[in-house]
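Index from 1, following the sequence. For ligands, and for the atoms within them, numbers begin at 1 and follow the listed sequence. Predicted, not measured: the structure shown is a model, and the values here were computed from it.
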Amino acid sequence: MQASEAEKPRIVILISGTGSNMVAIADAVKAEEIDAEIVGVISNRPTAEGLNKAQAMDLHTDLIDHTLYASRDEFDHALIRMIEDLKPDLVVLAGFMRILTADFTRYYEGRLLNIHPSLLPKYQGLNTHQRALDAGDDIHGVTVHFVTEELDGGPNAIQAIVPILDIDNAPQLQQRVHTQEHVIYPIAVKWFCEGRLTMKGSEALLDGKSLPTSGVQLDSRD
Ligand code: GRF
């Protein structure tokens with residue numbers, strides 16, 4: 001039997017840009033692959049394309065412009081208040097381009113997910129595709145992880161491995177990674193909403209069992 005609307009896990013998604021991961025998750029909810037409710041999509045940028053996409057999908061949207069706040073602390077506290085109004089069970093960072101304070105990450109510890117375009121712990125930070133190419137790596141990829149105080153450092157839930165081809169440049173590689181993002185983020189959100197994916201200390205657990213450092217690995221070469 002399906003949970004009633006009132007009992008469904010409540011998801012808030014934070015975006016700054018295109019919002020294609022937000023759409024992938026919203027599509028999975030709409031298709032009832034994820035039994036949850038997206039109660040809000042929040043952007044820190046007024047021009048984020050994802051805001052229009054969320055509205056077109058009849059999702060509630062909010063805007064909180066970080067440039068109007070004097071400090072990172074003030075912004076994060078206002079953001080927490082905005083999120084709390086939506087009473088979420090899970091907060092999903094989907095291309096949210098703000099570094100969050102420890103107050104924020106501690107507040108949502110264990111119920112805050114992020115997607116990062118590399119095989120974490122490799123290539124934390126920016127320009128991951130170019131860095132993987134410059135290093136001469138054979139493989140690259142993307143990771144969904146729980147967020148902790150350490151930037152791109154919380155326990156991994158799931159990764160998709162993407163091969164690096166001889167002819168690749170950064171935009172081509174980025175595009176293939178992006179396709180895999182849309183596969184693994186809905187999976188991680190589904191697991192969380194089913195109570196299967198949890199965080200305990202510095203580990204991510206699936207069905208109560210510790211995951212390896214990589215998280216579950218999908219290999220797009222298979
Ligand atoms: C993705 O590449 C994701 O890995 C990174 O930000 C980008 C967001 O893309 N964290 P989109 O806005 O979901 O299209």
Side-chain angles (χ1 to χ4, degrees), residues 11-30 34 38 40-57 59 61-66 79 90-100 104-105 108 112-133 137 139-148 150-164 168-190 192 214-218 220:
I11 304 173
V12 169
I13 306 181
L14 306 191
I15 61 166
S16 300
T18 323
S20 67
N21 281 285
M22 178 275 297
V23 169
I25 294 165
D27 279 345
V29 169
K30 209 167 160 205
I34 301 175
I38 297 175
V41 174
I42 299 176
S43 171
N44 66 310
R45 291 205 181 119
T47 54
E49 214 185 297
L51 277 176
N52 300 330
K53 292 181 184 164
Q55 282 156 8
M57 296 179 92
L59 297 173
T61 56
D62 278 316
L63 171 67
I64 179 163
D65 185 345
H66 64 275
L79 180 58
L90 172 65
V91 178
V92 171
L93 305 179
F96 187 65
M97 302 306 284
R98 297 292 302 164
I99 292 175
L100 295 160
F104 187 99
T105 57
Y108 289 109
L112 182 59
L113 292 175
N114 181 43
I115 191 156
H116 181 78
S118 76
L119 296 173
L120 287 172
K122 259 192 155 179
Y123 308 129
Q124 296 165 326
L126 298 173
N127 301 322
T128 58
H129 311 293
Q130 191 58 54
R131 286 158 68 200
L133 287 169
D137 293 353
I139 56 168
H140 185 44
V142 55
T143 306
V144 176
H145 64 97
F146 282 103
V147 177
T148 59
E150 194 197 336
L151 184 67
D152 302 326
N156 291 346
I158 183 168
Q159 299 189 318
I161 296 173
V162 174
I164 296 184
D168 264 339
N169 58 29
Q172 284 165 338
L173 182 56
Q174 178 177 22
Q175 203 176 6
R176 290 207 315 286
V177 169
H178 225 146
T179 305
Q180 293 305 313
E181 297 185 10
H182 304 155
V183 174
I184 64 167
Y185 220 170
I187 293 175
V189 170
K190 179 181 168 70
F192 185 95
S214 63
V216 173
Q217 273 193 332
L218 301 187
S220 69

Hey, which residues fall under 4.0 Å of ligand 1 on heavy atoms?
-> T18, G19, S20, N21, G95, I115, P117, H178, E181
The residue among V92, V29, V144 that forms side-chain contact (heavy atoms from CB on, under 4.5 Å) with V189 is V92
Heavy-atom closest pair (E181 atom, P117 atom, distance to 0.1 Å) is OE2-CB, 3.8 Å
Looking only at heavy atoms, the pair that brings H116 and T128 closest together is NE2-CG2, 3.5 Å
Here the gap from I42 atom CD1 to M22 atom CE, rounded to the nearest 0.5 Å, amounts to 12.5 Å
Who are the side-chain hydrogen bond (donor to acceptor under 3.5 Å, both in side chains) partners of D137, not counting sequence neighbours?
-> K122, Y123
Which heavy atom of T148 sits nearest a heavy atom of T105, and at what distance?
-> O-CG2, 3.7 Å
